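Just so it is clear, the structure is predicted and the values come from calculations on it, not from any experiment.
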Amino acid sequence: MGRFHRHDDGHGHGHGHEHGHEHGHAAAGSGGRILGDHSGYQTGAERIEVLERILGENEQTAAANRADFEKAQVTVVNLMSSPGAGKTSLLRETLRRLQGKLRIGIIEGDIETSLDADRLEGFGAAIALVNTGNGFGGECHLDAPMVRSALPRLPLEELDLVVIENVGNLVCPAEFEVGEHGRAMVFSITEGEEKPLKYPVMFRSADVVVVNKIDLLPYLDFDLQAFYANLRAVNPTVTVIETSVKTGQGIDDWCSWLTGVRSSGPSQAQTV
């Protein structure tokens with residue numbers, strides 16, 4: 001499922017083959033066809049129909065997830081970022097500050113290991129780990145069925161807020177609804193101000209962009225205003241919160257945004 005992608009113009013395409021093969025060598029039984037030569041693949045209406053059906057099944061599962069969340073009166077935020085942007089550190093500090101104020105559950109998505117889930121222990125949150133490398137093909141994102149597999153391990157009726165920490169990736173997570181009520185993206189200023197232009201689907205899909213590691217600004221060749229201009233070009237109305245887990249800057253604003261999603265929808269901490 002994760003190999004299907006939809007573009008802004010509505011066109012969808014799939015990546016149904018593995019890319020770990022060698023190019024330039026004929027495979028036994030291939031009739032001399034070169035591995036990596038895609039000319040022999042069948043395409044057309046039948047393939048598109050299959051891919052559309054797969055995406056439709058994800059959307060149906062996302063709707064079922066959302067129905068369960070709403071029945072339990074729990075609000076769900078999909079937290080996305082590239083690897084290393086700091087979303088686990090931000091989430092850890094969030095749990096520390098909101099402990100005793102909101103009953104929070106975490107769906108922790110990672111390809112392998114429980115390292116991030118382990119870091120979130122000890123703050124009173126219910127945590128359900130989903131390793132996409134364990135029966136899900138090692139996907140670079142969480143989709144609706146993966147999230148659904150985690151729901152029996154969360155006491156939804158006893159929670160106010162569930163945060164889904166998606167797999168670190170700037171492409172695939174934005175393309176799959178999982179039943180969330182809001183989407184948040186953590187962006188580190190170490191990534192470069194051009195990223196909204198290179199990965200517009202991710203930045204366009206976010207309700208809030210958390211500009212993280214802002215304490216490093218004096219030490220980097222990073223043009224913050226150029227980043228905001230690029231972000232505005234793809235998502236003019238997005239909410240922006242500048243944060244530093246190290247100094248604590250903006251963490252209260254981020255927690256307020258989460259509380260706002262819970263009470264009445266996304267708040268306006270800062271508009272670009």
Calculate, to the nearest 0.5 Å, the distance between atoms [atom1] and [atom2] belonging to [X] and [Y] respectively.
X    : Y    : atom1 : atom2 : answer
Q249 : I241 : CD    : CD1   : 11.5 Å
Q73  : E157 : CD    : CD    : 8.0 Å
S81  : L90  : OG    : CG    : 9.5 Å
Y199 : N169 : OH    : CG    : 8.5 Å
T237 : R204 : OG1   : CZ    : 11.5 Å
S205 : R183 : OG    : CZ    : 4.5 Å

Original post:
Taking a hydrophobic cluster as the set of Ile, Leu, Val, Met, Phe, Trp and Tyr residues connected by side-chain heavy atoms closer than 4.5 Å, whether directly or through intermediates, do L156 and L129 fall within one such cluster?
Top reply: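 No; L129 is not reachable from L156 via cluster members.
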**OP:** Pick out which of E108, E165, E93 makes a side chain to side chain donor-acceptor pair (under 3.5 Å) with T88.
**Re:** E165
Shortest non-hydrogen contact between [X] and [Y], atoms and distance:
X    : Y    : value
N58  : E177 : ND2-O, 3.2 Å
S89  : R119 : OG-NH2, 2.9 Å
V178 : A144 : CG1-N, 3.8 Å
R97  : C255 : CB-SG, 4.2 Å
V238 : A206 : CG2-O, 3.6 Å
N212 : V245 : OD1-N, 4.1 Å

Original post:
Does any N or O in the side chain of N235 come within less than 3.5 Å of the main-chain N or O of L231, such that one atom is a donor and the other an acceptor?
Top reply: no
Should [X] and [Y] count as side-chain neighbours, where that means a heavy-atom distance under 4.5 Å?
X    : Y    : value
T243 : V211 : no
L115 : D110 : no
I251 : R96  : no
T239 : D207 : no
L197 : F203 : no
L224 : E193 : no
K87  : M185 : no
V210 : L79  : no

**OP:** Kindly check if the number of other-residue, nucleotide or ligand heavy atoms within 6.0 Å of CD (E158) is above 12?
**Re:**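 No, CD of E158 has 12 or fewer neighbouring heavy atoms, counting only those of other groups under 6.0 Å.
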Subject >> Worked check of side chain to side chain contact (heavy atoms under 4.5 Å, CB included) between I111 and N131 >> reply: CA-CA 5 Å; I111 296 176; N131 281 137; over 6 Å; no
**OP:** Assess whether side chain to side chain donor-acceptor pair (under 3.5 Å) is satisfied between S82 and E191, documenting all intermediate values.
**Re:** CA-CA 9 Å; S82 66; E191 298 177 61; 2.8 Å; yes
Subject >> Aromatic ring pairing F176/H141, orientation class (parallel under 30°, perpendicular over 60°, tilted between) >> reply: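 Taking H141 first and then F176, their aromatic rings lie parallel (interplane angle under 30°).
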Original post:
Which of parallel (below 30°), tilted (30 to 60°) and perpendicular (above 60°) describes F227 and F222?
Top reply: tilted
Original post:
Can you name the residues that form a side chain to side chain contact (heavy atoms under 4.5 Å, CB included) with L161, not counting sequence neighbours?
Top reply: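 Partners of L161 by the side chain to side chain contact (heavy atoms under 4.5 Å, CB included) criterion, ordered by chain and then number, come out as T75, V77, L102, I104, V163, L258.
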Subject >> Electrostatic pair D68:R148 at N-O distance under 4.0 angstrom >> reply: yes
**OP:** Mind running side chain to side chain donor-acceptor pair (under 3.5 Å) on T94 and W254 for me, showing each step along the way?
**Re:** CA-CA 8 Å; T94 301; W254 159 245; 2.8 Å; yes
Subject >> Worked check of side chain to side chain contact (heavy atoms under 4.5 Å, CB included) between R153 and V130 >> reply: CA-CA 11 Å; R153 291 176 279 134; V130 178; 4.1 Å; yes
Subject >> From CA spacing to verdict: side chain to side chain donor-acceptor pair (under 3.5 Å), T247, D215 >> reply: CA-CA 7 Å; T247 68; D215 56 293; 5.3 Å; no
Original post:
Can you list the residues that meet the salt bridge (charged side-chain N to carboxylate O under 4.0 Å, His left out) rule with D160, with sequence neighbours excluded?
Top reply: R103, R262
Original post:
In this structure, which one of N65, I106, V147 forms a side chain to side chain contact (heavy atoms under 4.5 Å, CB included) with I164?
Top reply: V147
